[in-house]
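First the structure, in the form of structure tokens, and then the observations on it.
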Amino acid sequence: MQVILRQLGDCNIRRAEPSDLISVMEINLKTLPEHYSDYFYECLLAELPEAFIVAEIGGKHVGYIMCKTEFGFSNFKKLGFVKKGHVVSIAVLDEYRKKGIGNALVEESVNGVKLRKCDEFYLEVRCSNNDAVRLYEKLGFVIRQQLNAYYRDGEDAYLMAIELD
Ligand code: ACO
Ligand code: ZN
């Protein structure tokens with residue numbers, strides 16, 4: 001059964017299902033240089049369906065966000081060991097950007113990782129990716145670290161994180 005989380009005009013924001021994964025991979029291939037195996041998508045959906053979310057307009061997939069959970073050192077507290085949500089990847093097709101879809105995907109994934117009792121939520125983003133950094137900052141994420149040569153092409157990443165209540 002489809003779980004519709006919210007509607008933005010004619011765009012449905014809903015939890016992903018296995019039959020959405022091919023379209024999600026297609027959006028990923030068109031929009032980002034970081035790609036993953038089919039198996040990895042399947043695992044993320046199986047492990048954290050609450051925060052694997054798609055945006056769909058009239059049956060066409062236009063965006064996705066997918067996440068995982070981890071235990072590890074806090075990005076905020078000294079010596080703290082916490083449960084963290086981790087945004088693995090988010091993208092919206094170029095033609096559908098600047099309509100609030102990216103914002104809705106992140107907000108709903110925050111709700112998803114809160115359901116799984118995560119203390120914090122974090123992600124890595126290219127330092128040059130101003131659109132994404134601005135989106136995350138508007139939602140309360142803050143830059144906590146700069147990761148040297150994080151990407152294959154040598155670019156640095158910002159590690160951005162938010163504390164969840
Ligand atoms: N009318 C006009 N502007 C609007 C409207 C509207 N109705 N709704 C939102 N906006 C504005 C927002 O205020 C925001 O403005 P700003 O950039 O000046 O702050 C801007 O549109 C973007 O916000 P959204 O629409 O919520 O986000 P969007 O759907 O455009 O998605 C995303 C953002 C996902 C970063 C997109 O640019 C993208 O897919 N980029 C390529 C892939 C990518 O870089 N992904 C992130 C990599 S990092 C990682 O995956 C962890
Ligand atoms: Zn990551």
Side-chain angles (χ1 to χ4, degrees), residues 5-14 16 20-21 23-37 40-41 43-45 47-48 50-58 60-76 82-113 116 118-162 164:
L5 300 164
R6 71 164 90 167
Q7 286 173 309
L8 274 178
D10 53 2
C11 180
N12 281 342
I13 305 292
R14 63 168 176 81
D20 296 312
L21 292 182
S23 304
V24 168
M25 290 180 229
E26 284 171 359
I27 296 173
N28 169 266
L29 285 170
K30 281 185 193 159
T31 54
L32 282 166
E34 290 78 39
H35 309 305
Y36 314 93
S37 67
F40 186 63
Y41 288 87
C43 287
L44 294 181
L45 179 57
E47 285 168 20
L48 191 53
E50 296 89 344
F52 198 139
I53 297 163
V54 293
E56 191 183 46
I57 299 179
K60 179 184 161 75
H61 294 78
V62 301
Y64 72 89
I65 188 167
M66 57 186 195
C67 308
K68 57 182 176 170
T69 60
E70 298 163 4
F71 290 93
F73 290 109
S74 170
N75 287 302
F76 294 94
V82 294
K83 184 171 182 182
K84 301 191 272 194
H86 177 172
V87 182
V88 174
S89 182
I90 170 176
V92 174
L93 288 178
D94 204 12
E95 321 78 280
Y96 298 92
R97 290 180 194 161
K98 305 212 177 287
K99 297 174 191 299
I101 295 174
N103 178 79
L105 289 169
V106 179
E107 282 186 352
E108 291 300 340
S109 70
V110 167
N111 293 338
V113 296
R116 298 290 287 265
C118 289
D119 305 296
E120 301 177 5
F121 201 20
Y122 82 98
L123 55 87
E124 300 92 5
V125 57
R126 283 177 187 270
C127 294
S128 64
N129 193 346
N130 298 321
D131 287 345
V133 170
R134 228 178 12 251
L135 170 69
Y136 304 138
E137 279 179 337
K138 277 191 188 172
L139 287 163
F141 286 78
V142 289
I143 296 172
R144 298 296 297 170
Q145 272 185 65
Q146 185 159 338
L147 308 172
N148 186 31
Y150 179 80
Y151 295 98
R152 260 196 217 197
D153 59 11
E155 185 170 351
D156 291 1
Y158 288 132
L159 187 155
M160 299 185 71
I162 184 171
L164 306 175

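Note that ligands are numbered from 1 as they come in the structure, with each ligand's atoms numbered from 1 the same way.
The nearest protein atom to atom 29 (O) of ligand 1, hydrogens excluded, is given as G102 N, 2.8 Å; this is a heavy-atom distance. V92 N, 2.8 Å is the protein heavy atom nearest to atom 39 (O) of ligand 1. Of the protein's non-hydrogen atoms, N103 N, 2.9 Å is the one closest to atom 26 (O) of ligand 1. For atom 21 (O) of ligand 1, the nearest protein heavy atom (residue, atom name, distance) is K98 CA, 3.2 Å. At the top of the distance list for atom 16 (P) of ligand 1, counting protein heavy atoms only, stands R134 NE, 3.3 Å. The nearest heavy-atom contact from the protein to atom 23 (O) of ligand 1 is L135 CD1, 4.3 Å. Nearest non-hydrogen protein atom to atom 48 (S) of ligand 1 is Y136 OH, 3.4 Å. Considering only non-hydrogen protein atoms, atom 38 (C) of ligand 1 sits nearest to R97 NE, 3.3 Å.
The closest donor-acceptor contact from the side chain of K83 to the backbone of R116 lies under 3.5 Å. Panel note: side chain E155, backbone S128; a donor-acceptor pair is recorded below 3.5 Å. Panel note: side chain Y150, backbone E124; no donor-acceptor pair is recorded below 3.5 Å. Side-chain atoms of N12 do not come within 3.5 Å of backbone N or O of Q7 as any donor-acceptor pair. Judged by distance alone, the side chain of K84 and the main-chain N or O of F73 form a donor-acceptor pair under 3.5 Å.
Under a 4.0 Å heavy-atom criterion, Y122 is not in contact with ligand 1. In this structure, E124 counts as a contact residue of ligand 1, since one of its heavy atoms falls inside 4.0 Å of the ligand.
At a threshold of 4.5 Å between non-hydrogen side-chain atoms, the residues D119 and S74 do not count as touching. When side chains are defined from C-beta on, K98 counts as touching D131, because their heavy atoms get closer than 4.5 Å. Side-chain contact check for L32 versus I90: every heavy-atom pair is 4.5 Å or farther apart. Taking the side chain as every heavy atom from C-beta outward, N75 and Q145 approach each other to under 4.5 Å. At a threshold of 4.5 Å between non-hydrogen side-chain atoms, the residues D20 and Y64 do not count as touching. Between L93 and K60, the closest side-chain pair of non-hydrogen atoms falls below 4.5 Å. Side chains of E95 and V62 form no contact here, defined as non-hydrogen atoms less than 4.5 Å apart.
Of all the listed residues (S128, A55, A157, G100), G100 holds the heavy atom that lies closest to atom 25 (O) of ligand 1. For the residues E137, K99, K138, the heavy atom positioned nearest atom 7 (N) of ligand 1 is part of K99.
Heavy-atom proximity to S89, at under 4.0 Å, picks out these atoms of ligand 1: 50 (O). Residue-ligand proximity, N129 to ligand 1, at heavy-atom distances under 4.0 Å covers atoms 43 (C), 44 (O), 46 (C), 47 (C).
Counting only protein N, O or S atoms, the number found under 2.8 Å from the Zn ion (ligand 2) is 2.
At under 3.5 Å, not a single nitrogen or oxygen of Y96, backbone or side chain, sits near a nitrogen or oxygen of ligand 1. An N or O contact shorter than 3.5 Å links I90 to ligand 1 by distance. Looking at L123 next to ligand 1, no N or O pair under 3.5 Å apart turns up. Close N/O approach between L32 and ligand 1 is not found [any backbone or side-chain N/O within under 3.5 Å].
Under 4.0 Å from ligand 1, not a single heavy atom of Y158 appears. Residue L93 does not touch ligand 1, judged by heavy-atom distances below 4.0 Å.
Ring geometry for Y36 against Y41 counts as perpendicular: the plane angle is over 60°, on a 0 to 90° scale with 30° as the lower cut.
Taking the centre and axis of the six-membered ring of Y151, the NZ or CZ atom of R126 falls inside the cone set by 45° and 6.0 Å.
Protein non-hydrogen atoms do not reach within 4.0 Å of atom 32 (C) of ligand 1.
Considering CD1 of I101 and CD1 of I57, their distance stands at 4.5 Å, rounded to 0.5 Å.
Taking both residues in full, the closest heavy atoms of A161 and Y122 are given as CB-CB, 3.8 Å, listed atom of the first, atom of the second, then distance.
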